[in-house]
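Encoded as structure tokens, the structure appears first; notes follow it.
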There are 2 protein chains.
Amino acid sequence: MSRRRVSNPLALAVLSCLNERPMHPYEINTTLRRRGKEQSIKLNYGSLYSVVESLQKHGLITTRETSREGRRPERTIYAITPEGVEEFEDWLGELLSTPVREFTSLEAGLSLMAGLPPDEVARLLDQRSDKLRIEIRALEAAGDVAAEFDLPEIFSVEAHYRHAMLTAELAFVQQLAERIRTAELGGTKLWRRMHELFAEGTSFEQIAADPVAYLGEEARILQNEQPSP
Amino acid sequence: MSRRRVSNPLALAVLSCLNERPMHPYEINTTLRRRGKEQSIKLNYGSLYSVVESLQKHGLITTRETSREGRRPERTIYAITPEGVEEFEDWLGELLSTPVREFTSLEAGLSLMAGLPPDEVARLLDQRSDKLRIEIRALEAAGDVAAEFDLPEIFSVEAHYRHAMLTAELAFVQQLAERIRTAELGGTKLWRRMHELFAEGTSFEQIAADPVAYLGEEARILQNEQPSP
DNA sequence: GACCGAATACTCCATTTCGAGTAATCGAGT
DNA sequence: ACTCGATTACTCGAAATGGAGTATTCGGTC
């Protein structure tokens, strides 16, 4: 069980809205989208309604009134409770103050990249760099538009953060591709030789049985598997 | 429906192992852990077994043999199929070449940070900086150990990537805290005044009804809600 | 040789998540 | 007056996730 009674970040966004004033779930949805928060917090209907229900079950919000207009579906308006306010402040404080291990897709890819030959990885990383540059430019353009509307920076810190992260990723990816191509990255020769052997039809198991014979002195470390770093 | 028949990154890790040689699920588990991949790819039993089953159902792996030793649970050994190899290469290529929107907890926190008063946010960000520095040092220490064992860099690129990202995050967070304190961050005065009013008991709804009266000229933008940036 | 903790190898199932589907209403044009 | 796409407001169930629980065996030690 997670530390929070409701652990989906969307629940925090819900509390944040209800901290302003009572709303019904669909209004929370439109409010968050209007403010562009769905870029930073995963928001889909299924989760929204189940998260609201769960918040209510745990006493962090209460139903204020239910109304219906014509034959449209019933609308239930929710309000935040004092416990909800406390949870909101505590949770938001935790998000800001405490880094958590996140599993990103690039990290997964990098951790398995030895499964593809070095030249191909370098080429793929170049492609990524191109796409990253496009994304970065798009973010900058959006920032310029916001500035023109005199929208204070505080309403888009998330975007600035994303910009910083994308820029750092681009720098890393570019440098990595370069270091693979120049074999400056430790182990690249081993890696290249390995895929040359695969291309010739040698199996992984054959190589693993006697790495030094196939790959040279550098492969001594593979003898009894890498220790966990 | 997602583009991949099996979309959990753990499935890619499973394919990566079986690409070396046939294994049973628990052996995949220990192999990945021994190599420290569980730091980069979420790995728990429930997911492992259901992912393996799903991969088999889709023809990406096949059962090679089932054996049992004594009265221990049965072990089913799986092998990768040609379609599995293709999926592995294609998927890994996509992970490396194509950035995807990720929802990080800091980004969620930043997007809602206006819900806490500026001084507190600055303090929380300082706390985060301290913890980030500790994590960064731990990563560097692990890297030194790996270097001492002559473990080539290629086996821990993920860690280098994480290091780069943490460093960038630290720089951003430090700078943001500073810019909040100096009110250099656009909108900080508005934000501060807002929480002063809350502390005095003014409600959000009162302020929202006539922001300029409460917050001054700078609040004109709030009149009919921010456009999505 | 009996005992204990660690490792082996899963199983099970309560939650959670996701997004397609539904159904009514509004508003802008023809 | 009508039609057609957008918006409003949610429902539903299949699939994924997470992690506690189970049952056996091994390796050391008192």
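The shown structure was predicted, so the numbers you read here are calculated from the model rather than taken from an experiment. Reminder, nothing fancy here: chain letters follow the sequence lines and each chain counts from 1.
- Remark: P of C/dG19 and CG of A/Leu10 are 13 Å apart, rounded to the nearest angstrom.
- In summary, of the residues considered (A/Arg133, A/Arg128, A/Lys131), a salt bridge (Lys or Arg N to Asp or Glu O under 4.0 Å) with A/Glu169 occurs for A/Arg128 alone.
- For B/Tyr26 and C/dC10, the shortest distance from a side-chain N or O to OP1 or OP2 is not below 4.0 Å.
- Using a 4.0 Å cut-off between a side-chain N of Lys or Arg and a carboxylate O of Asp or Glu, B/Arg162 and B/Glu135 do not qualify as a salt bridge.
- Note on A/Asn8: every side-chain N or O is 4.0 Å or more away from OP1 and OP2 of C/dT16.
- In the region residues 41-58 of chain B, proximity to DNA chain D at under 4.0 angstrom, judged on heavy atoms, holds for B/Lys42, B/Asn44, B/Gly46, B/Ser47, B/Ser50.
- The line from CG of B/Leu125 to CG of B/Leu106 is 7.5 Å long, rounded to the nearest 0.5 Å.
- Considering only heavy atoms from C-beta on, A/Leu32 comes within 4.5 Å of A/Cys17 through its side chain.
- Of all heavy-atom pairs spanning A/Ala208 and A/Pro211, the tightest one is O-CD, 3.3 Å.
- With respect to B/Arg75 and B/Glu27, no salt bridge is recorded, no charged nitrogen being found less than 4.0 Å from a carboxylate O.
- Ring geometry for B/Tyr26 versus B/His24: interplanar angle under 30°, hence parallel rather than tilted (30 to 60°).
- Look at B/His24 and you'll find a side-chain N or O under 4.0 angstrom from OP1 or OP2 of C/dC10.
- The distance from atom CG of B/Asn29 to atom P of C/dT11 is 14 Å, rounded to the nearest whole Å.
- Atom P of nucleotide C/dT25 and atom CZ of A/Arg75 are separated by 13 Å, given to the nearest angstrom.
- Looking at A/Arg101 and B/Glu38, no side-chain N of the basic residue comes within less than 4.0 Å of a carboxylate O on the acidic one, giving no salt bridge.
- Over its full length, the helix from C/dG1-D/dC30 to C/dT30-D/dA1 turns its helical axis through 10°, comparing axes from the five pairs at each end and rounding to 10°.
- In this structure, CD of A/Glu38 is placed 16 Å from C1' of C/dG19, rounded to the nearest angstrom.
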